[in-house]
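Read through the structure below, which is laid out as structure tokens, and then see the notes.
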Amino acid sequence: MALSRRELFTGQRVMPAGGIALPWWRGESGCDGCARCVQACESGIIRIAAGEAPQLDFLQGECTFCAACADVCPQPLFQPRDTEPFSRRIRIDSRCIAFLGVNCRSCQESCEQQAIRFRLMPNGIGQPEILPQHCTGCGACIAPCPVSATGLHHDE
């Protein structure tokens, strides 16, 4: 992995590929772009590009699953809130600097659900381990990662 010191410390990070739909989103078209969800989001993480459905931008923060976005939407685009918000869970890829021998636990420190832990290795640097049963998919671990190694994926 080619990562310069400047990229690491200046936060030159990339948004995870493929947008993340809002919690409880049915996956249907029909969004009229009114942006009420953007205004209602207490975390300020909802973005709408022209002509597209709203998406979560976890580089701006985490989802609290407050359901304000679903509550203010005038369209029937959301599932009932008694279901799981979405089936995405944390994934840490090979860009993780812990795999390169750098002691970094920013994702673990930001995970309130304790879905990420670090297993100590013989070289003294902990390696990330995911506990998917604890992950809610809130995205709190994404913004703190200095190399954009964390992201969410669909459950298999």
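Within 6.0 Å of CD in Q114 there are 12 or fewer heavy atoms belonging to other residues, nucleotides or ligands. Counting non-hydrogen atoms of other residues, nucleotides and ligands closer than 6.0 Å to CD of E112 gives a total of 12 or fewer. For CZ of R105, the number of neighbouring non-hydrogen atoms (other residues, nucleotides, ligands) closer than 6.0 Å is greater than 12. Remark: R36 CZ is loosely packed, at most 12 non-hydrogen atoms of other residues, nucleotides or ligands lying under 6.0 Å away.
Counting only distance, with no hydrogens or angles, the side chain of S43 and the backbone of G61 share no donor-acceptor pair below 3.5 Å. Side-chain N or O atoms of R119 include none that pairs as donor or acceptor with a backbone N or O of P128 at under 3.5 Å. Formation of a donor-acceptor pair under 3.5 Å by the R95 side chain with backbone atoms of I92 is not found in this model. Distance alone, capped at 3.5 Å, is enough to place a donor-acceptor pair between the S110 side chain and the A140 backbone. Side-chain atoms of Q127 come within 3.5 Å of backbone atoms of A98 as a donor-acceptor pair (strictly under, hydrogens ignored).
Connection of V102 to V147 is established within a shared hydrophobic cluster, with ILVMFWY side chains joined at heavy-atom distances below 4.5 Å, either directly or through further cluster members. The hydrophobic clustering, which links ILVMFWY residues whose side-chain heavy atoms are closer than 4.5 Å, places I45 and L59 together. Grouping the Ile, Leu, Val, Met, Phe, Trp and Tyr side chains by contacts below 4.5 angstrom, directly or via other members, places W24 with V38. By the criterion of side-chain heavy atoms lying less than 4.5 angstrom apart, applied directly or through intervening Ile, Leu, Val, Met, Phe, Trp or Tyr residues, L22 is not grouped with V72; the two fall into different hydrophobic clusters. Note: the hydrophobic cluster containing F65 also contains L152 (ILVMFWY, side chain heavy atoms under 4.5 Å, direct or indirect links).
Listed here is the closest heavy atom pair of G44 and Q60: O-CB, 4.0 Å. Here the closest non-hydrogen pair linking T150 and I142 is OG1-CA, 3.2 Å.
Looking only at side-chain heavy atoms (C-beta outward), P132 and I90 stay at 4.5 Å or farther from each other. By the 4.5 Å heavy-atom criterion applied to side chains, C34 and P74 are counted as neighbours. Between C37 and I48 the shortest side-chain heavy-atom distance falls below 4.5 Å. Residues C107 and F118 are in side-chain contact: their nearest non-hydrogen atoms beyond the backbone lie under 4.5 Å apart. Using a 4.5 Å heavy-atom threshold, the side chains of S148 and D93 count as separate. Contact annotation: the side chain of C111 never approaches that of R117 to less than 4.5 Å [non-hydrogen atoms, C-beta and beyond]. A 4.5 Å side-chain heavy-atom check between P146 and I97 finds at least one atom pair inside the cut-off.
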Verdict with supporting geometry, I46 and D57, side-chain contact (heavy atoms from CB on, under 4.5 Å): CA-CA 6 Å; I46 300 176; D57 180 358; over 6 Å; no
Begin from the C-alpha positions of Q79 and R26 and carry the test side-chain contact (heavy atoms from CB on, under 4.5 Å) through to its verdict. CA-CA 6 Å; Q79 299 172 16; R26 290 184 193 266; 3.9 Å; yes
Test log, rule side-chain contact (heavy atoms from CB on, under 4.5 Å), inputs C141 and I116: CA-CA 9 Å; C141 58; I116 305 167; 3.8 Å; yes
Which is it for W25 and F78 under the ring-ring contact (aromatic ring centres under 6.0 Å, His included) test, yes or no, and what are the steps along the way? CA-CA 5 Å; W25 187 262; F78 292 88; 5.2 Å; yes
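We find the CZ-CG distance between R88 and L56 to be 9.0 Å, quoted to the nearest 0.5 Å. Interatomic distance, Q113 CD to Q133 CD, rounded to the nearest 0.5 Å: 12.5 Å. For the atom pair CG (L131) and CD (E129), the distance works out to 6.5 Å, reported to the nearest 0.5 Å. Atoms SG and CD, on C63 and E42 in that order, are 8.5 Å from each other to the nearest 0.5 Å.
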